[in-house]
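Notes follow the structure.
All of these numbers come straight from a predicted model, not from anything done at the bench. Every chain is numbered from 1 and lettered A, B, ... according to where its sequence line falls, protein lines coming before strand lines.
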2 protein chains.
Amino acid sequence: MELELKIKMNEKLFLRDPEQTELGKKIIQYSIQLIHKNGFEAFTFKKLAENIGTTEAGIYRYFENKHRLLIYLTAWYWSWLEYSVAIHNNNIDDPTVKLKRIINLLALTVEDDLKTSHINENILHQIVIAEGSKAYLTNHVSEDNKDQLFKPYKDLCAKIGDIILECNSQYKYPKSLANTIIEMAHFQNYFMKYLPALTDFGNNKDELEIVSFLSDLVFSSIKQK
Amino acid sequence: MELELKIKMNEKLFLRDPEQTELGKKIIQYSIQLIHKNGFEAFTFKKLAENIGTTEAGIYRYFENKHRLLIYLTAWYWSWLEYSVAIHNNNIDDPTVKLKRIINLLALTVEDDLKTSHINENILHQIVIAEGSKAYLTNHVSEDNKDQLFKPYKDLCAKIGDIILECNSQYKYPKSLANTIIEMAHFQNYFMKYLPALTDFGNNKDELEIVSFLSDLVFSSIKQK
DNA sequence: TTATAAAGATAGTAATGCTATCATTCTAAA
DNA sequence: TTTAGAATGATAGCATTACTATCTTTATAA
């Protein structure tokens, strides 16, 4: 059985839907490779075009600029992760178990989802860790937000917040705690790799330590009277 | 009594020490204004030079590029904050009280420190909130780290980590919790302003709510058996 | 078969991110 | 007081970036 997974994206994110054409899919596939390899600052549509074997103008027919493409990639990732969370928590009743599984999904290395042939989720995860916050840390965040560009991130936070409330309906900061889990899963991962003096995970660099830290943080907060 | 505060900066951060000359101080002063006004992406040395009334080449004599200048500004901020923390916690013995004061310093609006006439700490604080993570979220983070460019941030984290251990010497993740406090103080502030659906602080947008959230998070974690 | 959408090919332009050079001014030591 | 050195000013230039425009060719579907 072969399945294809397609995520419906906000149309304001692109000029022409990249999922609809071969070139579009290549743009997504190769932009993930290139951003991961050289970082977002060094990434240009020119280089992307050369890698794909098309022209700069060709890329501009799909995305207004490289920042929009970054928002697209991160938005896609959050949507995919919400779907992934739903699958992993299917038939689970205990909210504590659900929350633990979410922390695992956020903090551990992601496996490539074969249902999305042109997207390597593992690499995309690393991009979201290192570049994700740049999607909204801009001067035009409010306009972008009005266009709903960050909805997938918000939806995921809302879902996690709801599970936090299932654990303890009295807890006062479910949404803030949800985004703390997400951001810190990524920051601890980044710090562990590149600025290890900032963490307590020393040299073994085991992602499971991040899971322990986050679990301790989250459950001591919400279990508290 | 008039006092001047001067922070000794890592010499790798600049080509010519901006604190030593009038032009240098203007570069710092106006770059803070401009980055805050237009955001770091739109900020260029050309525009900065025009604002100051000097030339682009003049700025390049002080800083290799705008990214180095951003690291300089954030490094300066973390050094100043460590000093500020030391002042505020002077003569305090109770580590819980110290930690609470640190959370206040991180999460509440900063007041301009008159001992640094060309630097507006309040605006710089806002820059660190919105642009600070871009200082280390780059492809050359490891080289920059080898040059000790992030030492002030690490030092502050270490200091906070030590106070956490004073509260509870058994707590396993003092450094990770320290950077969580710092990053989350800033992220919650940014989200509250620009992506309020992500937080639980709704429309009143009161920074004291961030303090409550962080205090709850931190103290429930470290008080736990 | 014929529109029409997508892609390819090419050109061009303003802004960005630098580097280089030479002249001028200012300061501090001889 | 002269003079050397440092800092600044003024100007030029160049490769790359970030686009926009136009025209042709190639698929595709009605």
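- When only modelled atom types and interatomic distance are considered, B/Tyr62 and B/Thr21 share a side-chain donor-acceptor pair under 3.5 Å.
- Judged purely by atom type and a 3.5 angstrom limit, B/Asn10 uses its side chain to pair as donor or acceptor with the backbone of B/Asp147.
- B/Thr44 comes within 4.0 angstrom of sugar-phosphate atoms only, judged by non-hydrogen atoms across all strands, and of no base.
- Atoms CG (B/Leu69) and P (C/dC18) sit 12 Å apart, rounded to a whole Å.
- Listed by first and then second residue, the salt bridge (charged side-chain N to carboxylate O under 4.0 Å, His left out) pairs involving residues 69-89 of chain A are A/Glu82-A/Lys159 (not counting sequence neighbours).
- Here the side chain of B/Lys47 is nearest to one of C/dT16, D/dA7, C/dT10, namely C/dT16.
- A/Asn179 and B/Gln188 share a side-chain donor-acceptor pair at under 3.5 Å.
- Among the heavy atoms of the strands, none lies under 4.0 Å from A/Phe63.
- Distance A/Phe45 CZ to C/dG8 P: 16 Å, rounded to the nearest Å.
- One interatomic measurement links the two molecules: CD1 of B/Ile27 to C1' of D/dT8, which rounds to 11 Å at whole-angstrom precision.
- Taking a cutoff of 4.0 Å between a charged side-chain nitrogen and a carboxylate oxygen, A/Glu41 and A/Lys134 qualify as a salt bridge.
- Between A/Asp144 and A/Lys12 there is no salt bridge, since no side-chain N of the basic residue sits under 4.0 Å from a carboxylate O of the acidic one.
- Summarising the geometry, the separation between CZ on A/Phe40 and C1' on D/dT17 is reported as 13 Å, rounded to the nearest angstrom.
- Between A/Lys46 atom NZ and C/dA9 atom P there is a gap of 15 Å when expressed in whole angstrom units.
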Between the protein and nucleotides 19-26 of chain D, which nitrogen or oxygen pairs come in under 3.5 angstrom?
residue, atom, partner, partner atom, Å
D/dC19, O5', A/Tyr60, OH, 3.0
D/dC19, N4, A/Glu56, OE1, 3.0

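- Counting to the nearest Å, the P atom of C/dA6 and the CD1 atom of A/Ile59 are 16 Å from each other.
- Across the protein-nucleic acid pair, B/Leu48 atom CG and C/dT16 atom P stand 13 Å apart, rounded to whole Å.
- Remark: the backbone N or O of B/His36 is not paired with any side-chain donor or acceptor of B/Gln126 at under 3.5 angstrom.
- In this structure, A/Thr54 and B/Glu41 both approach DNA chain C, and ranking their closest nucleotides by distance from the 5' end singles out A/Thr54.
- In the set D/dT8, D/dG9, C/dG17, D/dT8 carries the atom at the smallest distance from any side-chain atom of B/Arg16.
- Rounded to an integer number of Å, the gap from CD of A/Glu22 to C1' of C/dG8 is 17 Å.
- Put simply, B/Thr21 has a side-chain N or O that comes within less than 4.0 Å of OP1 or OP2 on D/dT8.
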